[in-house]
2 protein chains.
Amino acid sequence: MRASLRARSIVWNADAVTTPPPGLRERKKQATREALREAALRLAVERGPDQVRVEDIAEAAGVSPRTYNNYFASREQAIVSAVTADREARIAAAVAARPAGVRLADAVTEAVVEQYTDTGEREHKALLLITTGTALRDAFLDATAGIEPPLTAVITERLDHAGAHTARVLAASVAAAVRIALEGWLRPAGHTESAKSSGAGGLVVPSGSLPDRLRSALAPLAPAFDAAERHTRP
Amino acid sequence: MRASLRARSIVWNADAVTTPPPGLRERKKQATREALREAALRLAVERGPDQVRVEDIAEAAGVSPRTYNNYFASREQAIVSAVTADREARIAAAVAARPAGVRLADAVTEAVVEQYTDTGEREHKALLLITTGTALRDAFLDATAGIEPPLTAVITERLDHAGAHTARVLAASVAAAVRIALEGWLRPAGHTESAKSSGAGGLVVPSGSLPDRLRSALAPLAPAFDAAERHTRP
DNA sequence: CAGGAAAAGTGCGTGCGCGCAAGTTTGCGC
DNA sequence: GCGCAAACTTGCGCGCACGCACTTTTCCTG
């Protein structure tokens, strides 16, 4: 089983004017976090992912091993966070960027697809690394849960702060759908295990592209979004 | 060796669909699992939850510590599973039990509420234990993800095996919604941390009953269910 | 600007998750 | 029955997550 652990990262208010006081303290903290991220990813790429101990990461980042896991609960989380770090905020920002006239469902879908399709040079290399191992893959999938809080924020805003808990549920559903899409995407081969009691026809799409998978995973949720925004704006 | 067990003497065949052959091997496995579950819960109730080591649980169940975590990945998981063990299957069964005519959304909602409301004598006592600690609470919340596979199965069936992946997304969304409901339910006090960027009025319902929370968390998903079954049966 | 409180970093010890390589049991075909 | 292959268990060992107590840094306030 996968143990999901809640790592709380500070999400800055994206639409606010500017960060009032940067705070020297917070600066160093983020610097350390970034140093750990980069060190973890770099070492994982250089040697195998399994040939990296926390001690190595901590040393490369210039902190003690104990400090390391004040930031990350697991080795995998550190490596993965290097590639999923800001996706959360970027998705939320992308949703907020859409004009207020468009369907919420479309805004969210496009924002998600956009952020997962835009593979930066380094990200693509990292994804190759992640795909190789089970541990890293699970960590990567668990990381998708991180989009829930910022998504909740923007959706709540679009819904005029009316159905606050509705926004929460919708955001969580989106996170779940994205997770499913990614799950299916990075296991084209093997794994007949998932048959379970799904019944007869395993008629699943062989292996669509990631954007296609994301869209078709989010599509079933569209009616829920429509109903939600219809409810707030009759 | 030659046990006098005829395959037909099994009384507690709970599975709705297929029960191929019970298999003596699988029997002992489930027996061990159950022994570990019960031992974990009992010890956790007797002493504090933090005063129980895996070694104790394993000893109480009559296996080695190493065997213990061939079954459970964490101490908390073992304890929690004693109370969430069959809920998954029970929810799926409850959905399947509803007449085929009713709205899928209603069937699912009622099934979920029913299974979480029906507090067995022992369950209620266990929940008190779980509420006390953060670790157990998280494990309990994580366990809600377990309802996804069986829910996927029944929903797929109701949808005439058409939108297989739609069923998957809906099931995952339900799991997420249930999780949210439980989350809010077991933290009526404290935790001002969740303020985040939710904006102005924190106008949330003070602390509704669990059934109410479940219903209102599942409500936003109803349109998605309606659309799904409308799509398969025009 | 001084002093003290809050927060971040660090050393240390304990229990745990899990891979590995035996040993033991279960199941099945001859 | 016989024996083989697969599945399950177990001892061993390594690294890691994390609580606790303590030092160092940062921030606030009189």
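Throughout, protein chains are lettered first and strands after them, A, B, ... in sequence-line order, and every chain is numbered starting at 1. All values derive from a computational prediction rather than experimental measurement.
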Distance in angstrom units between [X] [atom1] and [N] [atom2], rounded:
X     : N      : atom1 : atom2 : result
A/F72 : D/dC18 : CZ    : C1'   : 17 Å
B/D56 : C/dG15 : CG    : P     : 10 Å
A/Q30 : C/dG9  : CD    : P     : 11 Å
B/I57 : C/dC16 : CD1   : P     : 8 Å
B/E55 : C/dG17 : CD    : P     : 13 Å
B/D50 : C/dG15 : CG    : P     : 13 Å
B/R75 : D/dA17 : CZ    : C1'   : 12 Å
A/N69 : C/dC16 : CG    : P     : 17 Å

Taking only nitrogen or oxygen atoms into account, show me every contact under 3.5 Å that the protein makes with nucleotides 9-12 of chain D, one pair per line with its distance.
unit_1	atom_1	unit_2	atom_2	d
D/dT9	OP1	B/Y71	OH	2.7
D/dT9	OP2	B/Y71	OH	3.4
D/dT10	OP2	B/S64	N	3.1
D/dT10	OP2	B/T67	OG1	2.3
D/dG11	O6	B/R66	NE	3.4

Non-neighbouring partners of [X] that pass side-chain hydrogen bond (donor to acceptor under 3.5 Å, both in side chains), sequence neighbours left out:
X      : value
B/S64  : B/T67
A/R168 : A/E148, B/E183
B/N70  : B/R66
B/E46  : B/R42

Closest to side chain of B/R53, choosing from D/dG15, C/dG15, D/dC18 =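 Selected nucleotide (nearest to the side chain): C/dG15.
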query = Can a cation-pi geometry be assigned to A/R213 and A/Y116, taking NZ or CZ under 6.0 Å from the six-membered ring centre and within 45° of the ring axis?
reply = no
request  = Please identify each residue that fulfils salt bridge (Lys or Arg N to Asp or Glu O under 4.0 Å) with B/E114, with sequence neighbours left out.
outcome  =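 B/E114 satisfies salt bridge (Lys or Arg N to Asp or Glu O under 4.0 Å) with B/R98 only.
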